[in-house]
There are 2 protein chains.
Amino acid sequence: MRDLSIGELSRRTKVKVPTVRYYEDVGLMPAPPRSEGKQRRYDADAVSRLNFIRHARELGFEVNAIRELLDLSADRYRPCEEIDAIASRHLSDVTRRIAQLQMLEKELQRMVQQCGHGSVEDCRVIETLNDHAHCSPNAHPIGLSPRDRAGSP
Amino acid sequence: MRDLSIGELSRRTKVKVPTVRYYEDVGLMPAPPRSEGKQRRYDADAVSRLNFIRHARELGFEVNAIRELLDLSADRYRPCEEIDAIASRHLSDVTRRIAQLQMLEKELQRMVQQCGHGSVEDCRVIETLNDHAHCSPNAHPIGLSPRDRAGSP
DNA sequence: ACTACAATCTCTAGTGACTATAGGTGCAAG
DNA sequence: CTTGCACCTATAGTCACTAGAGATTGTAGT
């Protein structure tokens, strides 16, 4: 399992080639040794590390958080409080986000259900959007993440 | 209600000044007339339109979708099927997103709960992240949207 | 009319986590 | 030895803003 090309690494970890190079740029992956022709050569450790990164990304950890997790996990005898804290913080972010999206979902459902499929003149969707005194004043639950398009490329 | 400065418009709609200019750049807001000194001057229509945009963004519609909604709603006698379709598509995006995040939430909860607060050596969080054969193979539920930080600025 | 000072102007660059493209080089098989 | 894919670097684009620099305008008080 020695001297994998970046393409082989990509196939084994399901992380795309440009993404691997990107992870190197931002310091998640160390710069690997090169072949005589300056191509990257990876070993089994790189495969493990990249799998760790991929899995953490799938769980929604940000790159900065993953960097911390990798740094913290390097020392096997360190107490895992800090690791736990990162994971817990992320969990509560996700929970909060779900709550926001559920409020959105309710409002969108109301909007769509009330639409009588007539003309724009009396469309509930447009009316709702025009009526700017509508929901809780402090919530700002905007946006789907950009990554949501494309289920599998 | 005539000749509002961009700052006044901003105060009335709760949309920040640079954001108003951004909406003009990307064609959501029409370029308004200018004062002698080339400062933007807005009228009541601008206030309505910007409120519409703000509300749509709060509901998570993308700028492109809002552009469509605005175009479609310009014709009062058009049947509102297309508008309905945009809203429904967005609703199903939100619903799907919630489902993804809930799966994430479950896995994160498992991870955090199982952590015995010992050392990194036997930390469940790290173990889970290292174990790359774990969850459904097709799901890619990555990421919180960037807008999620900052509840109210 | 003059002076402060806030508000506005344009333009550029940065955010996060990639993805896409262009134009060039390396490497292995036939 | 040549074909052709894999690889290289570097740059720009995505989305919806946000932040900053540096210049100009509007306005309130004197």
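Bear in mind that the values here come from a model prediction, so they are computed numbers and not experimental data. Each chain gets a letter, A, B and so on, in the order the sequences are listed, and its residues count up from 1.
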Check: protein-nucleotides 11-13 of chain C nitrogen or oxygen pairs below 3.5 Å:
none

Annotated protein contacts, base or backbone, on nucleotides 24-30 of chain C with a non-hydrogen cut-off under 4.0 Å, one of B, S, - each: --SS---
Euclidean distance, atom CG of residue L4(B) to atom P of dA7(C) [Å, nearest integer]: 16 Å
Over 12 non-hydrogen atoms of neighbours within 6.0 angstrom of CD in E81(B): no
Side-chain (R67(A)) to main-chain (V26(A)) donor-acceptor, under 3.5 angstrom: yes
Sugar-phosphate, base or nothing in reach of R34(A), heavy atoms under 4.0 Å: sugar-phosphate
For atom CZ of R67(B) and atom P of dA16(D), their distance in whole Å: 9 Å
Residues R21(B) and E24(B) bridged, charged N to O under 4.0 Å: no
Presence of salt bridge, R124(B) and E127(B), under 4.0 angstrom: yes
Beyond-backbone contact of L108(A) with F61(B), side-chain heavy atoms, under 4.5 angstrom: yes
Helix axis bend for the helix from dA1(C)-dT30(D) to dG30(C)-dC1(D) - C1'-based end axes, five pairs, 10° rounding: 20°
Closest to the V63(A) side chain, choosing from dA17(C), dT18(D), dT8(C): dA17(C)
Check: H55(B) side chain, T128(A) main-chain N or O, donor-acceptor pair, under 3.5 Å: yes
Euclidean distance, atom CG of residue D93(A) to atom P of dG16(C) [Å, nearest integer]: 15 Å
Y22(A) OH - dT11(D) P separation (whole Å): 17 Å
Between P of dT18(D) and OH of Y23(B), the distance in whole Å: 8 Å
T95(A) and E105(B): side chain donor to acceptor below 3.5 Å: yes
Sidechain-backbone polar pair: S10(B) side chain, V15(B) backbone, donor-acceptor under 3.5 Å: yes
Proximal nucleotide (of dC18(C), dC9(C), dA16(D)) relative to the R57(B) side chain: dA16(D)
4.5 Å side-chain heavy-atom contact, V47(B) and Y42(B): no
Closest to the T19(B) side chain, choosing from dT9(D), dT10(C), dT18(D): dT18(D)
Length of the OH-P vector between Y42(A) and dC8(D), whole Å: 7 Å
